[in-house]
Amino acid sequence: MAEERIEIPDLRRYTLELLRQIPKGKVTTYRALAQALGDKRAARAVGQIMATNEHLEVYPCYKVVHSDGSVGEYSAPGRTAAKIQKLQADGIPIEDGRVVRLREYVFHPFGTEKPLERLRKLQEELAGRVVREAVLSPKDVRTVGGVDLSYPGPWEGVGAYVSVERGTGKVLAGRTHRCEVTFPYIPTYLAFRELPVLLPLLRRVREEGELADVLLVDGSGVLHHRHAGIASHLGVLLDHPTVGVIKRLLYGSVDVKGMQKGETRPVRDPQTGDVIGMAVKTHERADPLYVSIGHKVSLDLAVRLVLELSGKHKLPEPIRRAHELCTREAHVHRRPKGEGAGEIDAGSAAPASSEPQGTPKKPKKPRQMALDL
DNA sequence: GCGACAG
DNA sequence: ATCTTGTCGC
């Protein structure tokens with residue numbers, strides 16, 4: 001079978017590049033940019049991208065205001081006052097922190113391929129390939145893996161994989177993978193942020209022969225607006241059984257009041273009435289988890305594994321351990337508060353890294369606008 | 001008041 | 001997810 005490939009855009013860069021289309025004397029809004037990306041729900045992500053813009057001379061993020069005309073924040077030196085001054089220098093009239101007659105100054109018609117539209121279609125196609133039945137009988141599930149991510153910074157991810165033996169709970173393997181992340185968190189598009197971290201990690205795990213029989217993923221499976229959460233993406237792309245596990249409901253309806261430990265209740269698709277997941281009470285005094293099919297498992301098997309592997313904790317062991325692993329790994333490399341060229345503290349926890357510190361940075365060659373996975 | 005959004 | 005001290009409850 002041909003290796004599955006999927007093209008994920010560098011949405012951070014794509015969004016920043018859009019800023020250069022704004023004509024002199026005009027502004028735009030977070031929402032307009034989100035619509036240029038293909039989904040107005042990405043407005044907050046646009047804000048995150050602007051807030052971490054490191055090239056103020058190249059990408060004029062000061063030109064982005066709220067759709068009600070209020071100027072909004074400016075993370076660069078001078079904060080909002082500086083943003084207002086720059087806008088006024090461009091001839092934009094501002095009163096009381098708002099752009100006067102915004103409609104006359106706002107720019108909408110971006111030249112764009114609306115990348116998020118393509119990604120939604122990709123999700124729909126992938127949903128059609130999800131196998132909703134188990135390919136193994138429960139007794140043949142010997143090992144269960146868990147995956148999770150942590151973020152040392154908004155554009156840097158650490159993925160972790162842990163596998164445990166069913167029954168004994170013995171930890172069999174643990175691996176992490178750290179890399180740059182160029183796709184922001186956008187509700188319902190989580191897979192495109194995390195796949196570039198998890199796929200390389202899990203392909204390596206598989207090469208090493210350490211891939212567990214079933215994978216528990218910290219994210220939704222078919223319990224998703226387009227029935228294509230990250231657990232399903234991973235399952236289909238790896239052609240491997242996966243289960244989606246989330247702590248907060250993304251989509252679907254269920255009444256979870258008064259649930260007892262061990263109890264489960266079906267989550268239904270509001271549109272069709274189909275059961276697309278299960279609320280699972282794994283801990284007496286904790287909100288339930290929401291479990292769904294990722295790929296090649298039945299909902300029954302998914303729920304059974306989650307319940308069985310959730311000992312005295314809310315999260316099933318493989319995910320809990322993967323969470324610990326990547327959180328710890330992220331912390332070790334976490335940037336100091338001020339972001340800039342801060343020294344990594346020489347505390348005892350820091351691993352002995354003997355990187356040559358004096359390596360001169362080469363001028364960046366033009367980076368790719370998309371990642372092939 | 002509306003919308004509601006995993007990580 | 002991340003930023004964060006102590007505090008309430010079982």
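In what follows, chains carry the letters A, B, and so on, assigned in the order in which the sequence lines appear, proteins first and then strands, with residues in each chain numbered from 1.
Taking every heavy atom of residues 245-269 of chain A and every atom of DNA chain B, pairs under 4.0 Å involve A:Ile246, A:Lys247, A:Arg248, A:Leu250, by number.
In summary, contact between chain A and DNA chain B, defined as any nucleotide atom under 4.0 Å from a heavy atom of the protein, begins and ends at B:dC5 to B:dG7 in the 5' to 3' direction.
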Inset, instruction - Quick one: the dot-bracket string of DNA chain C, using Watson-Crick and G-U wobble pairs with both distances under 3.5 Å, [ ] for crossing pairs and | for bases paired to another strand. - result: ..........
Legend entry - Base-pairing string, 5' to 3', of DNA chain B - Watson-Crick or wobble, under 3.5 Å, | interstrand: .......
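Residues A:Tyr290 and A:Arg248 come closest through the heavy atom pair CD1-C, 4.0 Å. Taking every heavy atom of both residues into account, A:Arg142 and A:Asp213 meet most closely at N-OD2, 2.7 Å. A:Gly25 approaches A:Ile92 most closely through the heavy-atom pair O-CD1, 3.1 Å.
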Under 3.5 Å, which donor-acceptor pairs link side chains of residues 72-79 of chain A to any protein atom two or more places apart or in another chain?
unit_1: A:Glu73; atom_1: OE1; unit_2: A:Arg79; atom_2: NH2; d: 3.4
unit_1: A:Glu73; atom_1: OE2; unit_2: A:Arg79; atom_2: NH2; d: 3.4

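Listed by first and then second residue, the salt bridge (charged side-chain N to carboxylate O under 4.0 Å, His left out) pairs that reach into residues 294-309 of chain A are A:Arg166-A:Glu308, A:Asp239-A:Lys296, sequence neighbours excluded.
Counting heavy atoms from C-beta outward, A:Tyr59 and A:Arg13 have side chains that approach closer than 4.5 Å.
Relative to the six-membered ring of A:Tyr161, A:Arg203 misses at least one condition, a distance below 6.0 Å or an angle of at most 45° to the axis.
Among the atoms of the strands shown, base atoms are found under 4.0 Å from some heavy atom of A:Ile230.
By the criterion of side-chain heavy atoms lying less than 4.5 angstrom apart, applied directly or through intervening Ile, Leu, Val, Met, Phe, Trp or Tyr residues, A:Ile293 is grouped together with A:Ile319 in one hydrophobic cluster.
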